[in-house]
There are 2 protein chains.
Amino acid sequence: MEANTSSLLSLTGNEARDEIVRAAAEVFMEFGFAATSIDAVAERLGATKGRIYHYYGSKAELYFDVQIAAMEKLIREIEPIAKGSGNAAERLEAMALRHTTILMEDLSMQKVAVRGLERELLGAVAARHAKTLRSIIRLRDDYEQIFAEVIDDGIRDGLFVDLPPRLATKPFFGALNWLTVWYVPRRLQTVEDIAEIARTLTGCAMRGILKGAHP
Amino acid sequence: MEANTSSLLSLTGNEARDEIVRAAAEVFMEFGFAATSIDAVAERLGATKGRIYHYYGSKAELYFDVQIAAMEKLIREIEPIAKGSGNAAERLEAMALRHTTILMEDLSMQKVAVRGLERELLGAVAARHAKTLRSIIRLRDDYEQIFAEVIDDGIRDGLFVDLPPRLATKPFFGALNWLTVWYVPRRLQTVEDIAEIARTLTGCAMRGILKGAHP
DNA sequence: AAGGTTACATACTCAGTGGTATGTTCGCAA
DNA sequence: TTGCGAACATACCACTGAGTATGTAACCTT
């Protein structure tokens with residue numbers, strides 16, 4: 001047993017855990033945290049509980065790892081864009097486009113992550129996992145902050161409507177993230193279909209905060 | 001025992017059921033369907049299971065009634081606005097404003113409803129309650145349709161961007177409904193605070209679909 | 001090759017929960 | 001006043017599911 005504890009970053013290098021996380025993400029997405037049994041995850045793996053509990057100490061820990069993996073992927077992909085070139089509007093649009101695309105490509109994990117820490121956890125398992133919980137909330141906050149800063153840039157440049165950045169982030173994320181509620185991947189869905197949806201959502205979100213001269 | 005079955009419309013006139021529904025909404029919102037025990041709902045009522053099972057045949061039935069009550073309230077309030085006077089943009093804005101306000105005023109019920117039928121139900125309890133499930137999905141669809149039609153009007157009048165109405169509805173609802181994810185009612189929150197948030201969200205959502213001349 | 005460790009599977013415990021069966025109280029009609 | 005049903009409370013059962021304890025086969029090390 002290597003350093004599995006506090007696995008906030010060290011998923012890499014452990015293929016077995018990765019496979020479990022992917023399977024767990026699917027089942028969690030389908031049924032939510034409470035309604036998902038470890039046995040169900042094991043079955044999807046073609047294995048039994050033993051395999052899961054060998055790598056994870058509890059159901060909550062497994063759930064957390066799904067969240068962490070999802071958030072890290074988002075941050076890893078979007079942060080470079082935020083720090084890249086272009087004005088605030090161009091960068092924000094590129095970020096939104098990529099963000100939306102990831103949501104659809106990686107739907108199972110992202111759906112779990114985006115929905116946020118369902119309240120059931122905050123109340124129930126909170127005490128025992130308070131530390132991990134904080135890390136996750138921190139990750140979510142960091143991610144939102146990446147957007148908030150670009151938005152702040154845009155506001156100061158007079159590109160975006162004049163709102164508190166943290167507040168402006170909400171409807172912006174909303175327009176994008178809401179897709180985790182309604183989007184159902186269709187068979188025969190091409191890459192272009194996904195791109196089309198991403199462009200549409202990004203378009204609405206961008207117009208929502210762009211300071212344009214409306215008639 | 002009067003005609004409790006198929007209570008899709010007849011909540012009115014039954015104060016006892018109403019009280020149960022309100023309590024249930026709070027607990028369901030806090031913990032989700034699966035993690036909410038009937039005992040927990042009963043405790044919030046200062047009663048025991050007996051009281052609940054006297055009026056409801058199952059936990060699912062109770063959950064459904066929360067959804068129905070929430071959706072009916074929305075439809076009841078927004079439909080008149082949709083059929084009212086003003087051009088599409090004016091009506092849509094008024095609808096969004098009222099919609100958002102209801103979400104905040106009635107957060108517990110609406111949060112449960114907006115989150116949608118968590119997948120856990122579709123798979124698990126589906127068979128036994130297939131009929132009720134269809135009614136609820138129908139209600140949600142009807143509600144979205146109210147918006148879709150106004151949006152369609154706006155598109156044909158050249159007010160809104162040219163998108164399939166059903167698709168345009170998604171980011172629009174997203175910008176508004178996302179508040180059920182992040183909004184936490186604060187003590188000392190005045191009516192004006194709520195109105196302020198409603199205006200901000202509505203503003204972003206409207207700009208998102210308005211065909212404006214962006215610089 | 002012997003001992004140890006990893007990576008699981010199997011078998012079991014036990015608390016929590018949905019639902020039911022059975023009281024019990026109270027209002028009301030005859 | 002009596003009886004009866006509505007409106008609950010109490011007691012109980014059956015089952016699910018998280019977590020654990022124990023077995024075991026393969027592999028790795030020396």
Side-chain angles (χ1 to χ4, degrees), chain A residues 1-5 7 10-11 13-24 27-28 30-66 118 120-121 123-129 132, chain B residues 1-5 7 10-11 13-24 27-28 30-66 118 120-121 123-129 132:
Chain A
M1 172 88 88
E2 70 251 51
N4 269 341
T5 51
S7 66
S10 59
L11 272 184
N14 205 327
E15 179 54 40
R17 280 175 75 105
D18 263 23
E19 203 183 331
I20 295 176
V21 166
R22 270 193 298 272
V27 189
F28 279 137
E30 224 168 311
F31 302 104
F33 176 79
T36 294
S37 72
I38 295 286
D39 292 291
V41 177
E43 196 183 359
R44 175 136 337 187
L45 276 169
T48 68
K49 278 163 57 139
R51 177 148 168 214
I52 296 174
Y53 277 105
H54 180 68
Y55 293 95
Y56 289 94
S58 71
K59 180 175 154 184
E61 202 181 303
L62 175 57
Y63 185 73
F64 293 152
D65 239 23
V66 174
E118 325 190 13
E120 52 215 55
L121 293 197
V125 209
R128 199 152 297 278
H129 300 271
T132 313
Chain B
M1 171 88 87
E2 70 251 48
N4 269 342
T5 52
S7 65
S10 59
L11 272 184
N14 204 327
E15 179 56 39
R17 281 174 74 103
D18 263 24
E19 204 183 332
I20 294 176
V21 166
R22 272 194 297 272
V27 189
F28 278 137
E30 225 168 310
F31 302 102
F33 175 80
T36 294
S37 71
I38 295 286
D39 292 291
V41 177
E43 195 184 359
R44 175 136 337 187
L45 277 169
T48 68
K49 278 174 21 164
R51 177 148 168 215
I52 295 174
Y53 277 105
H54 181 67
Y55 293 96
Y56 289 94
S58 71
K59 179 174 153 183
E61 203 180 303
L62 175 57
Y63 185 72
F64 292 152
D65 239 22
V66 174
E118 326 191 11
E120 52 216 55
L121 293 198
V125 210
R128 200 152 297 279
H129 301 270
T132 313

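Order of the sequence lines sets the chain letters (A, B, ...), proteins ahead of strands, with each chain counted from 1. Only this structure's heavy atoms are used, side chains among them; waters, hydrogens and symmetry mates stay out. Because the structure is predicted, anything quoted here is derived from the model rather than measured.
When the side-chain hydrogen bond (donor to acceptor under 3.5 Å, both in side chains) test is applied to E19(A), the partners found at least two apart in sequence or on another chain are R51(A). Residues satisfying the salt bridge (charged side-chain N to carboxylate O under 4.0 Å, His left out) test with K59(A), not counting sequence neighbours, are none. By the side chain to side chain contact (heavy atoms under 4.5 Å, CB included) test, T48(B) is found to be paired with no residue, residues two or more places apart in sequence or in another chain being considered. Considering only residues two or more places apart in sequence or on other chains, R22(A) meets the salt bridge (charged side-chain N to carboxylate O under 4.0 Å, His left out) condition with E15(A). Residues satisfying the side chain to side chain contact (heavy atoms under 4.5 Å, CB included) test with A42(A), not counting sequence neighbours, are I52(A).
For dG19(C), the OP1/OP2 oxygens have no side-chain nitrogen or oxygen of Y56(B) closer than 4.0 Å. Within the 4.0 Å cut-off from OP1 or OP2 of dA7(D), at least one side-chain nitrogen or oxygen of H54(B) is found.
With distances taken from any side-chain atom of Y55(B) to the nucleotides dT10(D), dC8(D), dA9(C), the minimum falls on dC8(D).
For R51(A) and dT22(D), the CZ to C1' distance is 20 Å, given to the nearest whole Å. Protein atom CD1 of I52(B) is 13 Å distant from nucleotide atom P of dT17(C), rounded to whole Å. Here the P atom of nucleotide dA7(D) and the CD atom of E15(B) are 13 Å apart, to the nearest Å. In this structure, the OH atom of Y63(B) is 17 Å from the C1' atom of dG18(C), given to the nearest Å.
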Hey, what are the protein-to-nucleotides 16-21 of chain D N/O distances that come in under 3.5 Å?
residue, atom, partner, partner atom, Å
dA18(D), OP1, T36(A), O, 3.1
dA18(D), OP1, K59(A), NZ, 3.2
dA18(D), OP2, I38(A), N, 2.9
dA18(D), N7, K49(A), NZ, 3.0
dG19(D), OP2, Y53(A), OH, 3.2
dG19(D), OP2, K59(A), N, 3.0
dG19(D), N7, K49(A), NZ, 3.1
dG19(D), O6, K49(A), NZ, 2.7

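Looking at heavy atoms from C-beta onward, I38(B) lies in side-chain contact with Y53(B) at the 4.5 angstrom threshold.
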